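Everything on this sheet refers to the single structure shown next.
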Amino acid sequence: MPSRMPQITPFGFALAVAAAALMVVAIATGILLDQKRVLRQESESNRLHARSLAEHVARSIDSVELLLENVQEDLTAKAWWDWPDSRRGYAYLQGRLTVHLPQLRHLLIFDADGQQRHVSFAAEFKPVRVTDRPYWNQFPAGATKANFGPYVGRNTGRLTYAHIRRLEYPDGRFAGILMGAMEHGYFEDYCRSLLNYRSLIGALVNRAGEIVAQCARPADGATRVQKIQALIPEEVIAGATEIRPEMSVDGRDYLLAVVPVAGYDDLRVVTAVRKGDALAGWRERVEQFLLLAALGVVLLTCAGVLIRRQLNRLKALTRELESHGRGLEVQIRERTRELSIAKEKADASNVAKSAFLANMSHEIRTPLHGIIGMAQLIRRNGLSSEQEVRLGMLETSADHLLNVIEAILDLSKIEAGKLMLEALPVSPQRVLSETMAMLGEAARSKQLSLDWRAGPLPDNLLGDAARLRQALINYVNNAIKFTTAGEIVLAVSVVEDQPDGALLRFEVRDTGIGIDPEVLPRLFANFEQADASTTRRYGGTGLGLAITRRLAELMGGAAGALSVPGEGSTFWFTAWLAKQGAANSHPAGAEQASPADILRDVHGGAPILVAEDHPVNREVARELLEDVGLQVDFAEDGGQALAMVRSGSYALVLMDMQMPNMDGIEATRRIRETHPSAQLPIVAMTANAFGEHRDQCLAAGMDDFITKPVDTQALHAILVKWLGRGA
C-alpha cells in the first residue's frame, strides 16, 4: 500500500532552509531591538528617579526655609539676646521643632561673636565658636541667609548640611545667626524607596561633588566629608541642566542622570546604574529563550518520528471530539451567560451598597452636625441643673448615633479592603493614657476605678495610634457597660521582640458580670452580642468587637477574650508594630497657645466664606467662627459662593460638598481658575465622609477636608494651619 505522507522535493527543502534562516535573522534582530528598548526604559526610569529626588529635596528645603524665616522674626520679637540662660532657649527651640518637618534635626543660635548660645538638643552644652567657618564672615557684612555643607558638626560629630539666617537687633545691627541642621536620614529613606537596583548610585551632592546625603547610608560613626568624584567626573556634576549619557567609569558603562535642585544652585541629585545590571533581566530572558528554542528543536525532532503513527488515531479522535465539542460549546455558552448575569448582579449590589452607605452617612451626619453644634451653643449660655442633665442626655444620644455610623462605615471599609493603616511614631503608653482620659468621666460616673499598666517596651515603634486607641476604646466601653463595681485595668506587654518590630499584647481587665463559655466563640462576629434577646438589659450594635478583631488582623495580630461568669473578663488583642531605623525624639517643649487663642490673637477679623445650604448648620458655623473673632459670610450654594469669591476678598473658604444648583466640587474647580491655592485656601466641611469623597475634594483643588459633625478643636486647628500659611 503506497504511503499517503507528502514527499519532500528539492525545492521544498530549499524553501524550508530559507524559512529557517529568516527566522534566525528575525530572532536576532528582535533580541537586539529588545536590548535597545530595555536600555531606553532604564535610562528614562533613572532620569525620573533623579528628578523625583530633586523635587523632593527642593520641597523639603523650602519647608525648612519657611520655618527658619518664621523663627527668625519670632526671635527678634522675643529679644532672645536677653534670655537669662540656655534652658530658656532650649525650651523655645524644642517647641519650634515639629513632626511635620522630619527633615529638620536641630535649631541653633550663635551670637555676634560666633559663640553658641542656644540649641535644641540639650539644655546644657559645651559652647563652640564658628567664626572660623567659611560662611561666618558674610553675615556681619550684611548677608541675610546662606547654605553650608556638608561638614562635620562640632556638637554632634555627624555630617551636617545647614541653612543659616542672619539675626538682628531691632535697630538693624548684627546680633548673630540662626542655624537649622538638616536630617539626612529623611532624604536617605525617601531615596531608597525609589531605587530598584542594588548597584544604583543615588546621592545629593554640592557643586564641588561633596556628598550631602546618599541612598546607601554610611556606616555609623562616619566623621568625614566624602566626594562622589571617585565614581562620577566633577565636570559632569558641575554641568548645568539635566543630562542622561551612557559613559564608562572604571571600565564599566553607566546610565547616568544629574539633576539640579530647583531654587538651590549649589545642590545636584546624581543617580547612576551600571549598564550590565540594567540588562540583567534582558540577558536572563534571552538565555531562557535560547534554551527553550533548543529544547523546542529537540522536541520537534522527536515529535516528527511519532507524528505519522498518530495521524490516523488523531483523525478518529478529532471526529469524536467534534461531536463532544458541539455539546460542550452549547454548555459553555450557557454557563458563560449565567456567570455574566451573576457578575452584573454582584457589581450592581456592591455599587448600590456603597451608594446607600454614602447617602445614609451624609443624610444622618448633616442633622447630627446641627444637633451637636446647637447643643454646644446652648450650653455656652448657662443652664439650670435640670436643663444641664437633659442637654447631657441629648449630647450622649447624638454621640452614640455618630459612633454607630462610624462603626458601620469602618466595617464596610475593612470588608472592601479600603481601610489604610498609618506607620507613624507611636507610644503605647500614651495610647493607654489618652484612652483613659477620654473614658475616665464615664468610669467615674459609675464609681469605677480606671488604671493602666505597661511593662518594659521597645523604643522607636511605628504604628497607627488612632486605630490602636479605637480598638482599646471598644474594649473599655464594654468594660464600663458591664461592670457595676470594682476596677478596670488597661495593660500592654511585649509578646515578641525582633530587630525589625515587636508584637505587643493589649488587654482590658474588668470585674464585671463575666460571659458564659458557650457565648465567647461568637462574640467577635459581626452584629453578635452575648445577649441578643429583645429583653436584653444592655444595648449596642454588636460591631465594636468585630471591628477590633478586624483591626488587630490588619495590624498582623489577633483578638480574643477570657471570662469567668460573675468574676470578670479579660479582652485582649495583639498588634505587630515595626521599628524605626534611628531614634527620633519629640519632647513636648514649651506650652503653646490653643488654636482658638491663636485665631483670636493672630487672625481676628479675618474674612471667612462658608458655603452651606442647611440653615441650622449655617447658624452653628456662624457661632463657632465668630466666637474666635472671625468675620463670616455665607453662600447657600456653589454658584453663590463662586460669585462672592470673584467679587470679594476672603482669607479662606469652608466649602460644603453637596449643595443645590452647583455643588462644592464644581464651585471649587471654577474658583481655582482664578484663585490658586496659595492665594485662597479652600477646606471641605461636609457630611460626605468616605475616602473617595476626600479624594474628589482634593482632586478638585481643595486644600483640606473635615467631616460633619465637626469637632470644634479640629476645626480651629485646620483654620490655624491654613490661615497661618496665608499669613
Side-chain angles (χ1 to χ4, degrees), residues 1-9 11-13 15-27 29-31 33-34 37-38 41 281-282 284-360 408-409 411-420 522 525-528 546 549-550 553-554 690-693 695-696:
M1 181 178 179
S3 172
R4 285 180 283 182
M5 294 295 294
Q7 301 297 315
I8 300 177
T9 65
F11 175 77
F13 179 78
L15 186 63
V17 171
L22 287 175
M23 183 177 297
V24 171
V25 172
I27 291 173
T29 302
I31 291 173
L33 291 176
D34 187 54
R37 178 189 62 80
V38 170
Q41 289 179 345
W282 172 82
E284 184 178 351
R285 290 196 302 273
V286 171
E287 292 171 357
Q288 293 174 349
F289 175 78
L290 293 177
L291 178 60
L292 290 174
L295 291 174
V297 171
V298 174
L299 291 174
L300 286 175
T301 302
C302 296
V305 178
L306 300 175
I307 288 176
R308 186 169 183 175
R309 297 179 181 179
Q310 299 297 327
L311 283 177
N312 292 333
R313 184 179 178 185
L314 288 175
K315 290 179 181 178
L317 289 174
T318 300
R319 287 193 295 270
E320 184 178 351
L321 288 173
E322 287 176 351
S323 176
H324 287 291
R326 285 189 289 271
L328 288 174
E329 186 177 350
V330 174
Q331 296 179 22
I332 290 172
R333 283 199 299 267
E334 180 64 22
R335 184 59 177 163
T336 301
R337 185 183 67 83
E338 293 174 356
L339 291 175
S340 177
I341 294 173
K343 182 179 181 300
E344 291 175 359
K345 290 181 178 179
D347 291 341
S349 176
N350 286 332
V351 171
K353 174 184 175 183
S354 297
F356 173 77
L357 287 174
N359 186 56
M360 290 305 298
I408 294 174
L409 293 182
L411 188 62
S412 175
K413 291 176 184 177
I414 293 172
E415 291 178 342
K418 295 182 179 180
L419 186 67
M420 304 301 293
R522 59 183 176 86
N526 295 348
F527 306 104
E528 286 285 352
R549 185 194 65 181
R550 299 291 187 89
E553 291 171 350
L554 287 175
F690 276 49
E692 52 264 34
H693 297 145
D695 294 340
Q696 291 173 11

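Since this is a predicted model, take the numbers as computed values, not measurements.
Residues I332 and R335 are not in side-chain contact: their nearest non-hydrogen atoms beyond the backbone lie 4.5 Å or more apart.
Here the rule is side-chain contact (heavy atoms from CB on, under 4.5 Å) with I31, and of T29, L33, D34, I27 only I27 fits it.
Here the straight-line distance linking atom CZ of R549 with atom CG of L554 works out to 11.0 Å at 0.5 Å rounding. To the nearest 0.5 angstrom, Q696 atom CD is 7.0 Å from E692 atom CD.
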